[in-house]
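The block underneath contains the structure these notes are about, expressed in structure tokens.
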There are 2 protein chains.
Amino acid sequence: MPPTSSQTAKRLDPDKLAASALELADVEGLEAVTIRKLAQRHEVTPMALYRHFSDKEDLLAAIGDRILAQIDLPKPTSERWDVQLRTLLTAFVQALRPHPKVAGLTLYRILISEPGLALGERTMELLVEGGFSVDDAAEVGRQSLCSLITLVTTEPGSNEDTDPIAREDALRAKRASLAALSPHRYPLITAAADTLICPASTDRYYALGIDLVVAGIRGVLADLGDTHAAASQQK
Amino acid sequence: MPPTSSQTAKRLDPDKLAASALELADVEGLEAVTIRKLAQRHEVTPMALYRHFSDKEDLLAAIGDRILAQIDLPKPTSERWDVQLRTLLTAFVQALRPHPKVAGLTLYRILISEPGLALGERTMELLVEGGFSVDDAAEVGRQSLCSLITLVTTEPGSNEDTDPIAREDALRAKRASLAALSPHRYPLITAAADTLICPASTDRYYALGIDLVVAGIRGVLADLGDTHAAASQQK
DNA sequence: ACCTGAACACCGTTCAAGT
DNA sequence: ACCTGAACACCGTTCAAGT
């Protein structure tokens, strides 16, 4: 008879390891996620982790998967495809937002993890419903999701220290570097320095980012339609 | 009399160091860029590099700056703002394309290096000419440039080994992982597997990516206009 | 001013061994 | 099956010293 899980003295499990790795990354940054540190947190030898992850890349993949698992996929409705797409992309961003320092790890996992695949499939569904060919839906969907990941990882101020003092210092230093520029040579950048360093409202930052993606999709679809129409007229 | 540069036996200079670091990254990837390896390439002790870069971060910044320095900023013309913007963004992508493995380093340098600032200022100029407020131009421009950087760093196939054999292996493995999916559960993803793994044409991939960004900008501008119009009507 | 040399703290990972 | 312990190759970086 094989030992049941209650009999084996399993002290570690991959889910909890990935969870505390994600925690570590959120607080101290991705470079702080180390096999050795993670082992220490679980009061175990570094080598013990290799029972559960084949190597560090595998651990980072688990972190990415954990973030994607937080996606709360909205149910299909009777709304227009582009309205539903906006809701879908917003749900995606919502899952990433708590983890700006490591959201980039999802890039390589969207087409592998189950929740990522579900998101990708649903995105393509809506794009095809809107009128894209399957191949165009793939390329457009891919870039849209990648752009939104970048929107989160580049959220101004997100990569600073968690420590509020060091954080203010970093922001002040950035502001100073822009303030030192010649307003004559860079009138617009210096005028918008505050916005560039840290947007007035984070919610607006994300709303505008998502709008930009959705508007791009609508616009490209219209252009492709024109091209087809023009091609038809040439006959 | 201070020694002229011909008298000092300077064996290293930051420009050449950054250049060979970029070369190294292009061929072997960013993780291969190491103070020690770079020193070895120049037949020098690792510590010698610290005369020219304050630390590794500084070296990576120099790589980013080197890429941005390749931007060939198009001259202003009498074309419409959005046509000129497309040309400008294309020039930006053109500078990044030779370096998909390290183009991400430019993210933190756009608002610091001179060519990056020139690009940012010109982008904002065109956006303001199009009708954006200065602050909106800052946010929209920022995300547009970030999206294009991501477009390059996620160019399918770009992060594989340079070795054509290993490269084919990696692509085949990815294809297999998508091919193993249930076409019943993921009909669109499996149907578009080839396109997702490696787009039919790289030039088309980039053209579509830039179109998406420009169309998004145009669309958001129109929406903002509507909002203003609606707000005016409410008076 | 520019480079060397030895040392330190910290990585990921292999291999052999314990229970 | 799961974990330990010692070791290896490789990092970035400090410090003191050479010319």
Side-chain angles (χ1 to χ4, degrees), chain A residues 1-25 27-64 101-102 104-105 108 159 161, chain B residues 1-25 27-64 101-102 104-105 108 159 161:
Chain A
M1 180 156 73
T4 71
S5 64
S6 68
Q7 284 173 312
T8 61
K10 231 201 237 179
R11 302 169 51 193
L12 266 36
D13 89 287
D15 255 34
K16 288 193 179 172
L17 285 171
S20 72
L22 177 54
E23 242 175 77
L24 189 60
V27 177
E28 300 186 34
L30 186 55
E31 72 284 358
V33 177
T34 266
I35 300 269
R36 295 173 113 107
K37 262 188 203 148
L38 191 57
Q40 209 170 1
R41 279 204 168 201
H42 291 259
E43 296 179 309
V44 111
T45 272
M47 282 315 299
L49 301 196
Y50 284 80
R51 259 322 113 177
H52 307 277
F53 301 101
S54 60
D55 54 18
K56 186 171 181 184
E57 200 186 329
D58 197 30
L59 170 64
L60 297 182
I63 297 179
K101 291 180 184 171
V102 281
L105 292 176
Y108 325 94
N159 268 322
D161 274 309
Chain B
M1 179 156 72
T4 71
S5 63
S6 68
Q7 284 173 312
T8 61
K10 232 201 234 177
R11 302 168 51 192
L12 266 35
D13 90 287
D15 255 34
K16 289 195 178 170
L17 285 171
S20 71
L22 177 53
E23 244 175 74
L24 189 59
V27 177
E28 301 185 34
L30 185 55
E31 72 284 357
V33 176
T34 266
I35 299 269
R36 294 175 113 105
K37 262 190 203 146
L38 190 58
Q40 210 170 0
R41 279 205 168 199
H42 291 260
E43 296 177 309
V44 110
T45 271
M47 281 315 300
L49 301 196
Y50 284 80
R51 259 321 114 175
H52 309 278
F53 301 100
S54 60
D55 53 18
K56 189 172 180 185
E57 201 186 328
D58 197 30
L59 170 65
L60 297 182
I63 298 179
K101 291 179 185 171
V102 282
L105 292 176
Y108 325 96
N159 268 322
D161 274 309

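Because the structure is predicted, anything quoted here is derived from the model rather than measured. Order of the sequence lines fixes the chain letters, A, B, ..., with proteins taken first and strands second; residue numbering starts at 1 for each chain.
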d(CG, A:Asp13; P, D:dA1) in whole Å: 18 Å
Value in whole Å for how far the P atom of D:dC10 lies from CD of B:Glu31: 15 Å
Nearest heavy-atom neighbours spanning B:Pro46 and B:Arg36: CG-CG, 4.0 Å
Sidechain-backbone polar pair: A:Lys101 side chain, A:Val27 backbone, donor-acceptor under 3.5 Å: yes
Value in whole Å for how far the P atom of C:dC2 lies from CG of B:Leu17: 13 Å
Smallest separation among heavy atoms of B:His52 and B:Leu12, with atom names: NE2-CB, 3.4 Å
For A:Val33, the option from A:Leu105, A:Ile63, A:Val102 that meets side chain to side chain contact (heavy atoms under 4.5 Å, CB included): A:Ile63
Contact pattern, 5' to 3', of nucleotides 12-19 of chain C - B, S or - by protein heavy atom under 4.0 Å: BBBB----
Interatomic distance where CG belongs to B:Leu49 and P belongs to C:dT4 [whole Å]: 10 Å
Nucleotide C:dA1, atom P - distance to NE2 of B:His52 in whole Å: 13 Å
Least distance between heavy atoms, B:Asp58 atom then B:Phe53 atom: OD2-CA, 3.4 Å
Mate of D:dA6 where both pairing distances stay under 3.5 Å, Watson-Crick or G-U: C:dT14
Any A:Leu30 side-chain heavy atom under 4.5 Å of A:Leu60 side chain: yes
